[in-house]
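Remarks on the structure that follows.
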Amino acid sequence: MAAIVIDGKEVAKSIRAELAAEVKELAQQGIVPALTVILVGEDPASHSYVRGKVKGCEEVGIRSEVIRMPDTTSQQELLETIAHLNENPNVHGILVQLPLPAHISEKAVIDAILPEKDVDGFHPINVGNMMIGEDAFLPCTPYGIVEMIKRTGVELTGKRVVVVGRSNIVGKPVAQLLLQENATVTMCHSRTTNLEEVTRQADILIVAVGKPGIIGREHVTPGTFVIDVGVNRLETGKLTGDVRFDEVAPIASYITPVPGGVGPMTITMLLKNTIKAARLLAKEEKRKG
Ligand code: GUN
């Protein structure tokens with residue numbers, strides 16, 4: 001039987017409705033969550049992602065601001081901008097859009113963001129707290145993937161999850177979050193031998209490599225839940241995933257399309273993190289008096 005194709009836009013829409021209600025409730029306490037996005041340079045894909053983030057904020061009632069800086073910006077200038085935002089009590093979430101120009105160290109920039117305002121969940125303090133299961137800002141794409149699986153009603157406890165790709169942004173954290181959900185998690189990467197043999201053991205297969213169509217029919221056992229995190233732009237301009245959708249959809253139980261699968265969830269979880277940051281910072285302000 002053909003897979004259920006998960007409509008990420010619909011799932012995101014229902015979460016955003018919940019978030020809008022939360023924002024309304026916070027407004028009654030005089031708290032308006034606020035996100036500042038820093039965009040350095042002219043990368044068209046980054047500009048498009050940032051537009052999506054601003055639109056998402058508008059949709060749920062979060063105040064947003066975009067600071068645009070030229071690609072000639074020095075690392076020092078960027079770090080100073082972040083330092084000001086760290087100190088500004090009216091800014092709850094800070095996100096620096098990646099990638100950055102080559103002369104700026106991404107690590108130095110991520111480390112400079114106050115962990116309490118790190119709504120991307122990239123700061124080592126948040127990564128470390130996530131790893132040991134303490135409260136943390138969770139990185140948006142992995143957080144969105146887990147939420148999406150949960151909302152199908154599929155149980156994670158005891159499931160065999162195979163993650164293909166070991167990036168810091170998706171592969172490693174999603175494996176960690178699913179481990180905390182009591183799944184049995186295996187990670188595969190570019191040096192994995194006999195990839196097919198491993199992926200065929202999956203109940204849930206998560207593919208986050210960034211290579212169009214690297215996963216096909218031969219990697220998937222019928223009935224597998226397949227999540228495609230790849231976002232690849234072909235020369236034709238068309239967006240495509242890491243999974244050969246036409247081959248895999250007829251045999252999977254569930255599958256996420258590209259576009260319209262995981263993508264809309266990522267921004268939604270950023271909105272959720274920004275609301276969480278606003279709540280935590282307001283609580284801290286109140287404690288300080
Ligand atoms: N560029 C691509 N994805 C992301 C993301 O999740 N966060 C940031 N800051 N930049 C990105």
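Atoms within a ligand are numbered from 1 in the order they appear, just like the ligands themselves.
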Problem - Sub-4.0 Å atoms of ligand 1 with respect to non-hydrogen atoms of Leu95 - result: 9 (N)
Exercise for the section: For the residue pair Val37 and Leu35, establish whether any side-chain heavy-atom pair is separated by less than 4.5 Å. Expected result: yes
Problem - Minimum non-hydrogen distance to atom 10 (N) of ligand 1, winning option of Leu39, Leu98, Asp120, Val50 - result: Leu98
Problem - Contact check: Gln97 vs ligand 1, nitrogen or oxygen atoms, below 3.5 angstrom - result: yes
Practice task
Go through the side-chain N and O atoms of Asp242 and Asn232 and say whether any donor and acceptor fall under 3.5 Å apart.
Solution key: yes
Handout entry: Distance-only donor-acceptor check, side chains Gln76 and Ser74, under 3.5 Å
Key = no
Exercise for the section: Measure Val96 to ligand 1 on non-hydrogen atoms and call it side chain, backbone, both or neither using the 4.0 Å cut-off. Expected result: backbone
Practice task
Give yes if a backbone or side-chain nitrogen or oxygen of Pro99 is under 3.5 Å from a nitrogen or oxygen of ligand 1, and no if not.
Solution key: no
Problem - Check against side chain to side chain donor-acceptor pair (under 3.5 Å), Arg160 and Thr184 - result: CA-CA 5 Å; Arg160 283 168 302 182; Thr184 302; over 6 Å; no
Exercise for the section: Tell me, yes or no, whether the heavy-atom count around His189 atom NE2, taken from other residues, nucleotides or ligands under 6.0 Å, exceeds 12. Expected result: yes
